[in-house]
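In listed order, ligands and their atoms are each counted from 1.
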Amino acid sequence: MVDHGPRTGDRVALTFDADMTDGMLANLRAGRVRSYANLRILDLLEREQVPATFFLTGKWVQRYPDVTRRIAGNPRFELANHTYGHAAFTADCYDLPRLPVDELAADVAKTFEVIEPYGGRQTRYFRFPGLCHDAAALDALAPLGVTVVDGDVVSGDPFAKAWKPLVRAVLDHVRPGSVVIMHVTEANAAMTDEALPHILAGLRERGLTPAPLSEVLAKG
Ligand SMILES: [Zn+2]
């Protein structure tokens, strides 16, 4: 389990979670929400040639196969696992739907099966929904050989109403080796694409360079 890479060098990892629950799918079907895929984030990262790592839920991948192909097709982007349906495997994890911990390994394995056909830079990184985990949940994952990645810089972008607090939250805490947690879920994180240019500029001012998560964890 890791929160960040070595505190040497100038590398930081930008990570974007792609949550998808049955409730979110219902919102899409009913037209209450337009999209949970923030393409402006991809546009910006591609235009500026910025590396990033995407923690994908299986249900998000199945809902957005074209966007997943776009992520997998970028040699600067890594793909990682964020469960199948963004369920929690511990009690009291925000308002997330809950699954018993004995279903965790199968859930994560199934998610890899959904992601792997897209190719690209596949990883064995895994992030728990809501970062909620306990000893039992970590034990359950042991057979899968995954690295659990929380992150040390929480942008606070879910349900944000303004972009400036996200920029401040990231730039106040980011250091060499940091793993920054953001979301690519548009309707549930609508300010992230507005904050991102300012975050990238602030990183440059601090002499920090975004890199794929595997590189940040390996050498800092
Ligand atoms: Zn999540």
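For Ala169, there are no side-chain contact (heavy atoms from CB on, under 4.5 Å) partners at least two apart in sequence or on another chain.
Protein N/O/S atoms found under 2.8 Å from the Zn ion (ligand 1), listed by chain and residue number: Asp19 OD1, His82 NE2, His86 NE2.
Under the 6.0 Å distance and 45° angle rule, Arg124 counts as a cation-pi partner of Phe112.
With a 4.5 Å cut-off on side-chain heavy atoms, Asp150 and Val148 count as touching.
Side chain of Asp157 to backbone of Thr192: no donor-acceptor contact under 3.5 angstrom is found. Distance alone, capped at 3.5 Å, is enough to place a donor-acceptor pair between the Arg127 side chain and the Val149 backbone.
A side-chain hydrogen bond (donor to acceptor under 3.5 Å, both in side chains) with Tyr36 is found for exactly one of Thr185, Asp19, Asn27, namely Asn27.
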